[in-house]
4 protein chains.
Amino acid sequence: MTINEETLNLQLDLSKPLYEQILHQIRYALARKDLELGAKLPSVRELAQQLRVNPNTVMRAYQELNRDELIETRRGQGTFITTKPQKIQHIRDNLATEAVNSFIDTMQELGMSRQTALSLLEEGEW
Amino acid sequence: MTINEETLNLQLDLSKPLYEQILHQIRYALARKDLELGAKLPSVRELAQQLRVNPNTVMRAYQELNRDELIETRRGQGTFITTKPQKIQHIRDNLATEAVNSFIDTMQELGMSRQTALSLLEEGEW
Amino acid sequence: MTINEETLNLQLDLSKPLYEQILHQIRYALARKDLELGAKLPSVRELAQQLRVNPNTVMRAYQELNRDELIETRRGQGTFITTKPQKIQHIRDNLATEAVNSFIDTMQELGMSRQTALSLLEEGEW
Amino acid sequence: MTINEETLNLQLDLSKPLYEQILHQIRYALARKDLELGAKLPSVRELAQQLRVNPNTVMRAYQELNRDELIETRRGQGTFITTKPQKIQHIRDNLATEAVNSFIDTMQELGMSRQTALSLLEEGEW
DNA sequence: GTGGTCTAGACCACA
DNA sequence: GTGGTCTAGACCACT
C-alpha cells in the first residue's frame with residue numbers, strides 16, 4: 001500500500017536533468033503496471049532526502065505526473081497513485097505509440113524502407 | 001556542385017535550439033546520401049540570412065559537423081561536404097543503430113515483448 | 001574540493017584565441033594530474049570575471065573539455081572535473097604522444113638523424 | 001639552376017591555410033639544403049597555376065621568405081634562392097631549436113621528467 | 001566574400 | 001546562482 005524509494009529504485013545520472021529522470025522513471029514504472037493502484041508514494045521531502053536532491057526537483061516531477069492525473073496529491077495526506085486503471089493504460093499506450101512513431105520517423109528520415117528497418121530491428125539484441 | 005537552401009529545405013521550430021535543428025537536418029540529409037560528396041554548402045552568412053537566424057547559430061551547427069568530419073570548412077573559400085564516403089556511411093550506420101537501440105530500450109522499459117513491439121510496428125503508418 | 005582561479009593560474013595572451021588558451025591550460029593542468037578528480041571548477045561567470053573575458057569565451061572552452069569528457073557540466077550546479085581517472089590518463093598519453101611525434105616529424109623534415117636530434121635535446125635547457 | 005614545381009613537390013591540404021603550407025614546405029626544403037643556392041624558383045603565377053591556388057596565396061608565401069632573406073625577388077627577372085649559405089644555416093638552426101624548445105616545454109607542461117621524455121622519444125618510430 | 005573569435009547583453013532551463 | 005541558446009555587431013585571417 002506504501003511505495004518506498006527501494007521499490008521505485010531510481011537511478012540518477014547527475015549530468016542530466018534530475019527532474020526529468022525522476023519523472024521518466026516513475027512514469028515508466030506506472031506504465032509498466034509495476035505499481036499498485038492507489039498506493040502511497042514517498043513524500044516529496046522524503047524522496048528528495050533519499051535521492052540527495054533538492055525537494056523542488058522532486059516536486060517538479062510530481063507536479064507533472066499530477067497534471068497527467070497519474071498521481072494525486074491530497075493536501076495533508078500525501079501523494080497517491082491514481083486509482084483509475086484507464087489513466088495507466090492511456091499513458092502506456094501513449095508511450096508505446098510515441099516510441100513507434102519516433103522510430104518510424106527516424107528511419108524514414110534516413111531514407112530506409114520498412115523492410116530494411118524491420119530487418120535491422122531483428123538483428124538488434126532483445 | 002553547389003547546394004542551396006532550397007535543396008536543404010530546412011524547417012525551423014523556434015521553440016527548440018536552432019543550431020541543433022540545423023545540425024540534425026543537415027546530418028540526416030548527409031546520412032540519407034541526398035547530397036553530393038565534395039559539394040559546396042551555402043556560406044554561413046548566406047544560410048543565416050535565408051533562415052533568418054544569426055550567423056553564429058549557423059556556424060555552430062557547421063562546426064559540429066566539422067568535428068565529425070562530415071563537412072570541411074576552408075577559410076576564405078567556404079564550407080564543403082566531405083569527399084570521404086566512409087564518413088557518410090559511418091554516420092548513417094550510427095544514426096540507424098541509435099534509433100534501433102532506443103526503440104528496443106523503450107519497449108523493454110514498458111515491459112513489452114519483442115513480439116508485441118513488432119506487431120505495434122506493423123500497425124504503424126509507413 | 002573546489003578549484004579557484006588561483007590554482008588554475010591562467011595566463012592569457014590577448015593576441016591568440018582566448019578560448020584555446022583557457023582550454024589548453026586547463027587540459028594540461030588535468031593531464032599533469034594537478035587537479036582533484038570530481039572537484040568543482042569555477043563557474044563560467046566567475047572565471048570570466050576573473051579573467052576579464054566574456055562568459056561565452058569561458059563556456060566555449062568548458063564545452064570542448066566536456067566533449068572529451070574531461071569535465072562534466074551540470075546545469076544549475078556547476079562544472080566538475082571527471083571522476084574517471086582513465087579519461088585523465090588517456091589525455092595525458094595523447095598529449096605526450098602528440099608532442100613526441102611532432103618533434104620526430106619536424107626533425108625528419110629537417111633531414112636530421114635520430115642521433116643529431118637526441119644530441120640537440122641533450123643540449124637543451126631543462 | 002631552375003627549380004620546378006616537381007622538385008618542390010608541394011602537397012597541399014585544402015582544409016588548412018594554403019600560404020602557410022607553401023611557406024612551410026619551401027622553408028623546410030631550404031633548411032634541408034635540398035635546393036641549390038641561387039637557383040630560380042617558379043614564378044608566382046606559374047606556381048599558382050600548377051597548385052591551382054590564387055596567385056595572392058603564393059605571393060604571400062614568397063613575401064615572407066623574402067623578409068627572412070631566404071629568397072630574393074628581382075623585378076623583371078624572377079625569384080631566386082639566396083646565395084648566402086649562412087642564411088640557410090641560420091634558418092636550419094632556428095627551426096631545429098624551435099622544435100627542441102617546443103618539445104621540452106610541452107613535456108614540462110605535462111610534468112614529465114627529462115628522463116621520461118627521453119625514454120618516450122626512444123620508443124617513437126624514426 | 002568566407003570562415004573564426006570575441007563582446008555585451010538578453011532570455012531560458014535547472015537546482 | 002549555474003549552465004545553455006541566441007542576437008547584433010565588431011574585428012581578424014585567408015583566398
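C:R74 has its CZ atom 17 Å from the P atom of E:dC14, to the nearest Å. Between B:M59 atom CE and F:dC6 atom C1' the separation is 13 Å, expressed in whole Å. Atom pair B:D13:CG and F:dT5:C1' shows a separation of 14 Å (rounding to whole Å applied). Distance CG (C:L47) to P (F:dT2): 12 Å, rounded to an integer number of Å. Protein atom CG of D:L14 is 15 Å distant from nucleotide atom C1' of E:dT2, rounded to whole Å. Taking atom CZ on B:R75 and atom C1' on F:dC14, their separation rounds to 6 Å, with Å as the unit. Regarding B:R45, its CZ atom lies at a distance of 13 Å from the P atom of E:dT5, rounded to whole Å. Atom-to-atom, CD of B:Q63 to P of E:dG3 comes out at 11 Å; the value is rounded to the nearest Å.
Nearest-nucleotide positions on DNA chain E for C:P55 and B:N66 put B:N66 closer to the 5' end. Residue order along DNA chain E, read from the 5' end via each residue's closest nucleotide, puts B:Q77 first among B:Q77 and C:N54. Each of B:K16 and C:S43 was matched to the nucleotide of DNA chain F holding its nearest heavy atom; the match closer to the 5' end belongs to C:S43.
Heavy atoms of B:Y62 sit nowhere under 4.0 angstrom from any nucleic acid atom. Among the protein residues, B:K40 comes within range of no part of the nucleic acid, since none of its heavy atoms lies under 4.0 Å from any strand. A:V53 comes within 4.0 angstrom of nothing in the nucleic acid, heavy atoms only.
For a distance-only test at 3.5 Å, the side chain of C:N56 qualifies as a donor-acceptor partner of the base of E:dG9.
Using modelled atom types, one side-chain atom of B:Q21 and one backbone atom of B:K16 make a donor-acceptor pair closer than 3.5 Å. With C:R32 contributing its side chain and D:E109 its backbone, the two residues share a donor-acceptor pair below 3.5 Å. C:Q25 places a side-chain N or O within 3.5 Å of a backbone atom of C:Q11 that can act as its donor or acceptor partner.
E:dC14 and F:dG1 make up a base pair, with Watson-Crick or G-U wobble contacts both under 3.5 Å.
Using a 4.0 Å cut-off, some side-chain N or O of B:T73 falls inside it from OP1 or OP2 of E:dG4. Residue B:Y19 places no side-chain N or O under 4.0 Å from the OP1 or OP2 atom of F:dC6. Between D:Q21 and F:dT15 there is no side-chain polar atom (N or O) within less than 4.0 angstrom of OP1 or OP2. Dashed line: the shortest gap from a side-chain N or O of C:T57 to OP1 or OP2 of E:dT7 is under 4.0 Å. Here C:R60 reaches the OP1 or OP2 of E:dT5: one of its side-chain N or O atoms lies under 4.0 Å away.
Counting only heavy atoms from C-beta on, B:T79 has its side chain closest to E:dG3 among E:dT5, F:dT2, E:dG3.
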*Check the pair B:K87 / B:D68 against salt bridge (Lys or Arg N to Asp or Glu O under 4.0 Å), numbers first and verdict last.*
CA-CA 8 Å; B:K87 292 286 178 192; B:D68 295 341; over 6 Å; no

*Residues A:F80, A:I71; criterion side chain to side chain contact (heavy atoms under 4.5 Å, CB included); working and verdict*: CA-CA 6 Å; A:F80 301 83; A:I71 66 175; over 6 Å; no

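With respect to the salt-bridge test (charged N to carboxylate O, under 4.0 angstrom), the residues C:R67 and C:E69 do not qualify.
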